[in-house]
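Both counts, for ligands and for their atoms, begin at 1 and track the order of listing.
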Amino acid sequence: MPDETRQKKVAKTARRPETLAAQGLGWLCGDTSAVTPPIHPATSYARDDAYEKRAGRGYTRDDNPTYDQVECLLRDLEGGADAMVFASGMAAATAVFQALGPGDHVVAPQVMYFGLRNWLEQVGRHWGLGVTFVPPGDVDAIAAAVRPGATKLVWLETPCNPTWAVTDVAAAAAVAHDAGAILGVDSTAATPVLTRPIELGADVVMHSATKYLNGHSDVLAGALVTATKDATWERLRYLRFEGGAMLGPFEAWLLLRGMRTLYLRVRRQSESALTIARRFERHPKIVEVLYPGLESHPGHAVAAAQMTVGFGGMLSLRVTGGSAGALATIKALKVFVRATSLGGVESLVEHRATVEGPESPVPDDLLRLSIGLEAPEDLIADIEQALDNA
Ligand SMILES: *Cc1c(COP(=O)(O)O)cnc(C)c1O
C-alpha cells in the first residue's frame with residue numbers, strides 16, 4: 001500500500017518529535033500530493049471480480065484510511081509499536097479493562113479520572129474484575145496490592161486528576177512485571193511532549209485525545225499505543241472493531257490537524273502554568289497550589305526526573321473558606337471559562353467536588369485550572385481579582 005511505503009521512507013530518517021508532529025510525519029496524499037490528507041467518509045470498500053478486497057479494506061468499523069496518518073504519528077511520538085484511535089478516551093480505556101477476563105485482578109488509583117473510576121465500580125466489578133484502589137503516586141502501595149498470578153493489569157494516571165500526583169512509571173512497571181501484570185498508563189495530562197511511558201516500561205499508553213492531543217475543545221476521541229504488537233494488542237483491535245468504538249473520519253482528520261501544533265501548545269501551557277503556580281503559592285487566600293512543577297508538591301522529585309520540557313498545563317488551587325470559598329472564587333473569575341474538560345487553547349476552571357458529587361474524594365475547596373494559550377498576565381490578574389472579590 002502506498003501509505004506503508006511512505007511510512008517506511010519517513011521512519012528511516014530520525015527526526016525529532018516536534019518535526020514529526022509539525023509535518024504530520026511528512027506524508028503527502030498519494031493521489032494529489034496535497035500536504036494535508038483527504039477525509040475518507042466511505043463506510044464500504046469494493047471487491048474485484050475475483051472477489052478479493054481491492055485495497056485490503058472492507059468496512060469502516062474495521063479500519064478507516066483517515067486513521068493511518070494520525071495513528072502512525074502518535075505511535076512515533078510515543079515511541080510505540082502501534083497505535084489505535086477510538087471514539088473517545090473512555091472507549092480506549094475501557095477496552096484495556098475489557099481485554100481482561102472475569103476473576104482477573106487490577107490495581108488502579110483511588111483518585112483518578114472520575115468517569116473511569118465509576119466505570120470500574122459500576123461495570124468492571126460487575127464483569128468480574130477484582131479491583132484494588134491505591135493512593136495515587138504510591139508505588140509501595142501498588143507493590144502491596146498486586147497479587148502475583150492474579151493481577152493482570154496495573155493502571156495509573158500521571159500526573160493524576162485533579163491533585164496532579166505523579167507516579168514513577170519505571171518503578172511501577174517493575175512492580176507490575178514482577179507480578180506478571182502489564183502496566184497501562186493514562187497519559188492524557190502529560191502527553192508525549194512531557195512523558196513517554198513506553199520508554200519507561202509501560203505496556204499500553206492511553207490518551208483522551210479530546211484533551212491536549214486535539215487541543216481545541218472540538219473533538220471527542222481516544223487512543224491507545226502499545227509497546228509490542230502482541231496477543232493483547234490483537235484483542236484490543238478486536239474489541240474496537242466488534243465493540244464498534246470507532247472514531248469518525250472527520251474527527252480523525254481534525255485530531256491530526258490539532259496534533260500538528262501539540263509541541264508548541266504544551267510547551268507554552270506548561271510555562272504559563274508554572275508561572276501561575278509560583279505566583280499564587282504564598283497568596284493569603286490560597287491554602288495550597290497543587291502543581292508538580294512546584295518544589296512543595298509531593299511528586300516534584302519524580303516529576304523532575306520523569307517529565308521533560310515542563311510539568312504540564314494543569315494545576316489545582318485549594319482556596320480558603322472551603323466549598324463556599326471555592327464557589328465564590330469561581331463565580332468571580334472572568335477570563336477563565338467555567339466549564340469541564342481540559343487541554344484546550346482556552347483556559348477553563350472547574351469545581352470538581354460539585355461535578356463529581358458527594359462520593360467524590362476530591363477536596364471541596366479545590367478549583368481545577370486548565371491553562372490555555374492566553375497571555376499569562378491576563379490569567380494571573382483574573383485569579384487575583386477573583387480571590388480579592390470572593
Ligand atoms: C477526559 C479524560 C478521560 C476520558 O476521555 P473522554 O475522551 O472524555 O472519553 C480519561 N482520562 C483523563 C485523564 C481525562 O482527562
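- A salt bridge is absent between Arg196 and Glu78; no separation between the charged side-chain nitrogens and carboxylate oxygens falls under 4.0 Å.
- The nearest heavy-atom contact from the protein to atom 5 (O) of ligand 1 is Ser208 OG, 3.0 Å.
- Of the protein's non-hydrogen atoms, Lys211 NZ, 2.5 Å is the one closest to atom 2 (C) of ligand 1.
- Close approach to Glu157 involves these atoms of ligand 1, each under 4.0 Å from a residue heavy atom: 13 (C).
- The closest protein non-hydrogen atom to atom 9 (O) of ligand 1 is Met90 N, 2.8 Å.
- In this structure, Asp364 does not pair ionically with Arg352, as no charged nitrogen and carboxylate oxygen lie closer than 4.0 Å.
- Heavy atoms of other residues, nucleotides or ligands lying less than 6.0 angstrom from CD of Glu359 number 12 at most.
- With contacts defined as side-chain heavy-atom distances shorter than 4.5 Å, the pair Phe133/Arg117 qualifies.
- Residue-to-ligand polar distances keep Leu342 apart from ligand 1: every N/O pair is separated by 3.5 Å or more.
- Those atoms of ligand 1 that come under 4.0 Å of a heavy atom in Met206, given as number and element, are 10 (C).
- The shortest separation from a heavy atom of Ala221 to ligand 1 is under 4.0 Å, placing the residue in contact.
- Between Glu384 and Arg279 a salt bridge is recorded (basic side-chain N to carboxylate O distance below 4.0 Å).
- For atom 7 (O) of ligand 1, the closest non-hydrogen atom on the protein side is Thr210 OG1, 2.7 Å.
- The existence of a salt bridge linking Arg125 and Glu121 is confirmed by a sub-4.0 Å separation between a basic side-chain nitrogen and an acidic carboxylate oxygen.
- Here the two rings, on His300 and Phe311, have centers that are under 6.0 Å apart.
- Using a non-hydrogen distance threshold of 4.0 Å, Asn161 registers as a contact of ligand 1.
- The proximity of Leu116 to ligand 1, defined as any non-hydrogen pair under 4.0 Å, does not occur for either the backbone or the side chain.
- Atom 4 (C) of ligand 1 has Tyr113 CE2, 3.4 Å as its closest protein atom, hydrogens excluded (heavy atom only).
- Using a 4.0 Å cut-off between charged side-chain N and carboxylate O, Asp365 and Arg318 make a salt bridge.
- The Asp186 neighbourhood of ligand 1 comprises atoms 10 (C), 11 (N), 12 (C), 13 (C), with distances under 4.0 Å to a heavy atom of that residue.
- Every atom of ligand 1 with a heavy atom of Gly89 under 4.0 Å away is listed here by number and element: 5 (O), 6 (P), 7 (O), 9 (O).
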- Walk me through it: do Lys211 and Asp218 pass the test salt bridge (Lys or Arg N to Asp or Glu O under 4.0 Å)? CA-CA 9 Å; Lys211 315 295 169 51; Asp218 55 9; over 6 Å; no
